[in-house]
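Every chain is numbered from 1, with letters handed out A, B, ... down the list of sequences. Only a predicted model underlies this, so the values are computations on that prediction, with no experimental measurement involved.
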Protein chains: 2
Amino acid sequence: MNTTEKTQIDTRTRIIATTTDMFLQQGFSGTSMSAIAKSCNMTKASLYHHFDGKEDLFIACVTYGYTAALDALAKIADDAALSAEEKLRAGVGALYTTMITAPVGRMSPLIAEVSRAFPNVARSFHAEYIEPQRATLWRIVEEGQSSGAFRDFDKNQFFHIAFGPMVTLSLSREMFATFDDLDDHFPVDELRDGHADVLLKMLAAE
Amino acid sequence: MNTTEKTQIDTRTRIIATTTDMFLQQGFSGTSMSAIAKSCNMTKASLYHHFDGKEDLFIACVTYGYTAALDALAKIADDAALSAEEKLRAGVGALYTTMITAPVGRMSPLIAEVSRAFPNVARSFHAEYIEPQRATLWRIVEEGQSSGAFRDFDKNQFFHIAFGPMVTLSLSREMFATFDDLDDHFPVDELRDGHADVLLKMLAAE
DNA sequence: GTCTATATCCTGATAGAC
DNA sequence: GTCTATCAGGATATAGAC
């Protein structure tokens, strides 16, 4: 990799980081290309040199961090030292971290915002992020089932109860971000632990 | 009520219905006042005669149907012929209907979209819709607890597991509305019934 | 790769006649 | 209560020099 390529990548990454913050703060439509360029200390024309347009830039922001989030979950699923119950609890913890603090998770409401205008954004989000995540989590459940620790449970039903609360928590925290008592209303750690308890009890073999 | 007042209300209602559809289809920023006026077969100036501005119109759309949704749940909570378990199941059913099919529920992602620009929209949504809904549902739980049918359970924790899946389901269905196999991915009736089972088992006295 | 300058269009909102 | 006409500003995006 020569110097030019490295600089290109750094600039792109820098733009993505700045833009992600702005999208999360002000939404997709609320963030203009002019404002992004200004925050990146460059002109609009330069910005358009690095990204084809606003949609392209948005996709780059959403996609950035996909792999890190998926790898973290996969690592837990593959950890031979953990039991299925321990994996499930750790996996739920990792998912909460991703959804509440990582851009990928916090961007979900934004994806809903743009999904009608750019349906392919929603499609790729589903195919490249949602589905792999569900698949990895389900591997953990199946392992517990074959070892006799977990009972049979409908797959979609499990995802409904497993992902529902954490996605809603993320949405709520974005929605009520202006509340000064946000953590009293939505205490992440406490809700996460209680949620894991419910899931484990729900799956426990009789 | 004289004729003029009646006409005013009808026009307002007509605008609200049309606008709600457009907001749900294209988002808040994706729907312009010009487009709304055209869909209502009037000019922008006439539209501005009925509503102070876009924010005002949005609030009217979100608010429309509040009372109907809250009354439906309250009626179940007050039904003397039902046991706490039956009330909970019926209440969950009513909430699913509201969130999946009624504008109030489907608008949630939109409220997240505009909440940074108009924080008071989020505040009033929380105070006038979320809180009363939680309060009514919690009355049902408390009734079951005092009759000995339900065990003790942390309030926020319960809401986390109760509302999370249904809000996420609504969000997902808006997000992936362009999928042709939407009902295969997110079958409402099935997920609702399974969710109610989980909640009842979770609350069941030992 | 970054700049200045510009094109083109659309936005929310209003004034004032009827 | 509805209209025509218009405002001032901002949106995305591009052309072409350096």
Side-chain angles (χ1 to χ4, degrees), chain A residues 1-20 22-23 25-62 110 113-121, chain B residues 1-20 22-23 25-62 110 113-121:
Chain A
M1 186 189 289
N2 62 39
T3 313
T4 311
E5 277 174 8
K6 191 169 180 297
T7 309
Q8 265 185 26
I9 292 171
D10 284 352
T11 308
R12 268 185 71 98
T13 308
R14 211 187 76 225
I15 294 171
I16 287 173
T18 305
T19 308
T20 299
M22 298 183 75
F23 278 152
Q25 285 283 331
Q26 302 155 6
F28 178 78
S29 301
T31 309
S32 73
M33 292 296 271
S34 315
I36 293 170
K38 188 176 282 182
S39 291
C40 295
N41 292 110
M42 58 175 62
T43 60
K44 255 189 301 183
S46 300
L47 181 57
Y48 273 92
H49 173 78
H50 292 282
F51 295 92
D52 288 342
K54 200 178 179 183
E55 181 184 357
D56 181 41
L57 179 52
F58 179 74
I59 291 175
C61 290
V62 173
L110 286 171
E113 180 188 340
V114 305
S115 60
R116 308 275 181 157
F118 312 124
N120 53 319
V121 175
Chain B
M1 188 187 287
N2 61 37
T3 314
T4 311
E5 277 173 7
K6 191 168 180 297
T7 308
Q8 265 186 24
I9 292 170
D10 283 353
T11 307
R12 268 186 71 100
T13 308
R14 210 187 78 225
I15 294 171
I16 287 173
T18 305
T19 308
T20 298
M22 298 184 75
F23 278 151
Q25 285 282 332
Q26 303 156 6
F28 178 80
S29 301
T31 308
S32 72
M33 293 297 272
S34 313
I36 293 170
K38 187 178 282 182
S39 291
C40 295
N41 292 112
M42 57 174 64
T43 60
K44 251 192 301 186
S46 300
L47 181 56
Y48 273 91
H49 172 80
H50 292 280
F51 295 92
D52 289 343
K54 201 179 179 182
E55 181 186 356
D56 182 39
L57 179 51
F58 179 74
I59 291 176
C61 291
V62 173
L110 286 171
E113 179 188 341
V114 306
S115 60
R116 308 273 181 162
F118 312 122
N120 54 318
V121 175

Undergrad: Is it true that the NZ or CZ of A/Lys54 lies under 6.0 Å from the centre of A/Phe118's six-membered ring and within 45 degrees of the ring axis?
TA: no
Undergrad: What is the distance, rounded to the nearest whole Å, between atom CD1 of A/Ile36 and atom P of D/dA11?
TA: 10 Å
Undergrad: For the side chain of B/Ser46, counting heavy atoms from C-beta on, which of C/dT14, D/dC3, D/dT14 is nearest?
TA: D/dC3
Undergrad: So if I take every side-chain heavy atom of A/Thr11 and compare against D/dT4, C/dT2, D/dT14, which nucleotide ends up nearest?
TA: C/dT2
Undergrad: Nearest of D/dT14, C/dT4, C/dT14 to any side-chain atom of A/Tyr48?
TA: D/dT14
Undergrad: Of the options C/dT11, C/dC3, C/dT14, whose atoms approach the side-chain atoms of A/Thr43 most closely?
TA: C/dC3
Undergrad: Which is it for A/Ile16 and A/Phe51 under the side-chain contact (heavy atoms from CB on, under 4.5 Å) test, yes or no, and what are the steps along the way?
TA: CA-CA 10 Å; A/Ile16 287 173; A/Phe51 295 92; 3.9 Å; yes
Undergrad: So if I take every side-chain heavy atom of B/Lys54 and compare against D/dT14, D/dT12, C/dA13, which nucleotide ends up nearest?
TA: C/dA13
Undergrad: Expressed in angstrom and rounded to an integer, what is the separation of A/Leu47 atom CG from C/dT4 atom C1'?
TA: 16 Å
Undergrad: Take atom CG of A/Asp52 and atom P of D/dA13, then tell me their distance rounded to the nearest Å.
TA: 10 Å
Undergrad: Could you tell me how far apart A/Phe51 (CZ) and C/dT2 (P) are, to the nearest whole angstrom?
TA: 12 Å
Undergrad: Does B/His50 place a side-chain N or O at less than 4.0 Å from the phosphate oxygens OP1/OP2 of D/dT2?
TA: yes
Undergrad: Go through the N and O atoms of the side chain of B/Lys44 and the base of C/dT14, and report whether any donor-acceptor pair is under 3.5 Å.
TA: no
Undergrad: B/Asn41 has an atom CG; how far is it from atom C1' of D/dC3, in whole Å?
TA: 14 Å
Undergrad: Grab the CZ-P distance between A/Phe118 and D/dT12 for me, whole Å please.
TA: 10 Å
Undergrad: Roughly how far apart are B/Lys38 NZ and B/Met22 CE, rounded to 0.5 Å?
TA: 9.5 Å
Undergrad: Using whole Å, what does the distance between atom P of nucleotide D/dT12 and atom CZ of A/Phe58 come to?
TA: 14 Å
Undergrad: Is there a side-chain contact (heavy atoms from CB on, under 4.5 Å) between A/Phe28 and B/Glu113 once you walk through the steps?
TA: CA-CA 8 Å; A/Phe28 178 78; B/Glu113 179 188 341; over 6 Å; no
Undergrad: Expressed in angstrom and rounded to an integer, what is the separation of A/Met42 atom CE from C/dT4 atom P?
TA: 13 Å
Undergrad: Under 4.5 Å between any side-chain heavy atoms of A/Leu110 and A/Phe58, yes or no?
TA: yes
Undergrad: Touch check for B/Thr31, heavy atoms < 4.0 angstrom, all strands: base, sugar-phosphate only, or nothing?
TA: sugar-phosphate
Undergrad: Is any side-chain nitrogen or oxygen of A/Ser32 closer than 4.0 Å to OP1 or OP2 of D/dA11?
TA: yes
